[in-house]
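Working notes for the structure below.
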Amino acid sequence: MEDHTQMSWKEDNVIARLHNSVDNVSLAVGQALTNPSEQSIQNAQNMIERANRSVTMALESRGDLEPIHMLQEQLNQDKEKLNRIH
């Protein structure tokens, strides 16, 4: 019999890590918008790359879950914001 408590904890951990990654993108993009230096833009791009990998890993390990899609949409919005200044 499977331990559903353990599975739920793992799922929450994956989503929490993805949430942190997407939050980091939002902060980095916000910094790039207020101070559009080459360094801040590069930092935001690096954060976006990491978050994209986190989304991919979350989808592969947890499947097609609504919280993952919501975070992916937030990430896409932040990418669009960065593209407007870059």
Side-chain angles (χ1 to χ4, degrees):
M1 189 167 173
E2 293 180 84
D3 182 356
H4 293 288
T5 305
Q6 186 69 15
M7 288 178 65
S8 177
W9 178 83
K10 285 182 180 178
E11 182 176 298
D12 290 345
N13 190 23
V14 168
I15 292 172
R17 288 176 34 196
L18 175 57
H19 199 290
N20 287 339
S21 185
V22 172
D23 284 348
N24 288 339
V25 167
S26 294
L27 290 172
V29 169
Q31 288 175 344
L33 290 172
T34 58
N35 178 23
S37 68
E38 195 59 40
Q39 181 180 356
S40 65
I41 292 170
Q42 184 62 50
N43 183 48
Q45 290 171 335
N46 291 343
M47 293 289 180
I48 288 170
E49 288 176 24
R50 283 188 214 136
N52 278 329
R53 286 192 299 269
S54 293
V55 166
T56 300
M57 289 188 312
L59 288 170
E60 288 174 356
S61 66
R62 295 292 153 225
D64 205 16
L65 298 175
E66 182 62 26
I68 296 171
H69 285 292
M70 289 174 54
L71 290 167
Q72 187 176 29
E73 180 58 32
Q74 181 181 339
L75 176 60
N76 288 337
Q77 290 173 2
D78 285 330
K79 283 193 254 186
E80 288 176 19
K81 288 178 189 175
L82 185 63
N83 285 337
R84 287 187 206 130
I85 63 168
H86 191 256

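Counting begins at 1 with the first residue of the sequence.
Met70 and Val55 are assigned to two separate hydrophobic clusters, defined by single-linkage of ILVMFWY side chains at heavy-atom distances under 4.5 Å. A single hydrophobic cluster is not seen to contain both Met57 and Ile15; linkage of ILVMFWY side chains at heavy-atom distances under 4.5 Å, directly or through other members, places them apart. Neither Leu27 nor Leu71 shares a network with the other; the hydrophobic side chains, linked directly or stepwise wherever heavy atoms of I, L, V, M, F, W or Y lie under 4.5 Å apart, form separate groups for each.
Within the model, atoms CD of Glu66 and CD of Glu73 stand 10.5 Å from one another, a figure rounded to the nearest 0.5 Å. Atoms CG and CG, on Asp78 and Asn83 in that order, are 11.0 Å from each other to the nearest 0.5 Å. In this structure, CD in Gln31 is found 9.5 Å from OG in Ser37, a value given to the nearest 0.5 Å. Taken from CZ in Arg50 to CG in Asn20, the straight-line distance is 13.0 Å, to the nearest 0.5 Å. How far CG of Asn52 is from OG of Ser21: 8.5 Å, rounded to the nearest 0.5 Å. Taken from CG in Asn76 to NE2 in His69, the straight-line distance is 11.5 Å, to the nearest 0.5 Å.
Residue Ile85 comes nearest to Ala32 through the heavy atom pair CD1-O, 3.4 Å, listed as atom of the first residue, atom of the second, then distance. Summarising the geometry of Ala51 relative to Val25, their closest heavy-atom pair is CB-CG2, 3.7 Å, with the distance given to 0.1 Å. The two residues Gln45 and Leu82 come nearest to each other via the heavy atoms CG-CD2, 3.8 Å. In plain terms, the two heavy atoms of Pro36 and Ile41 that are nearest each other are O-CD1, 3.9 Å. The shortest non-hydrogen separation linking Gln74 to Ser26 is NE2-OG, 3.2 Å. Looking at every heavy atom in both residues, Ala28 comes nearest to Ala44 through CB-CA, 3.7 Å.
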I would like to know whether Gln72 and Val22 meet side chain to side chain contact (heavy atoms under 4.5 Å, CB included); could you show each step before the answer?
CA-CA 8 Å; Gln72 187 176 29; Val22 172; over 6 Å; no

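Other residues, nucleotides and ligands contribute only 12 or fewer heavy atoms inside 6.0 Å of the CD atom of Gln39.
If you check the side chains of Asn46 and Gln42, you find a donor sitting under 3.5 Å from an acceptor.
Applying the side-chain contact (heavy atoms from CB on, under 4.5 Å) test to Arg17 and every residue at least two apart in sequence or in another chain returns Asn13. Looking at residues two or more places apart in sequence or on another chain, you find no side chain to side chain donor-acceptor pair (under 3.5 Å) involving Glu49.
Although no hydrogens or angles enter the test, the distance criterion places a donor-acceptor pair under 3.5 Å between the side chain of Ser40 and the main chain of Asn35.
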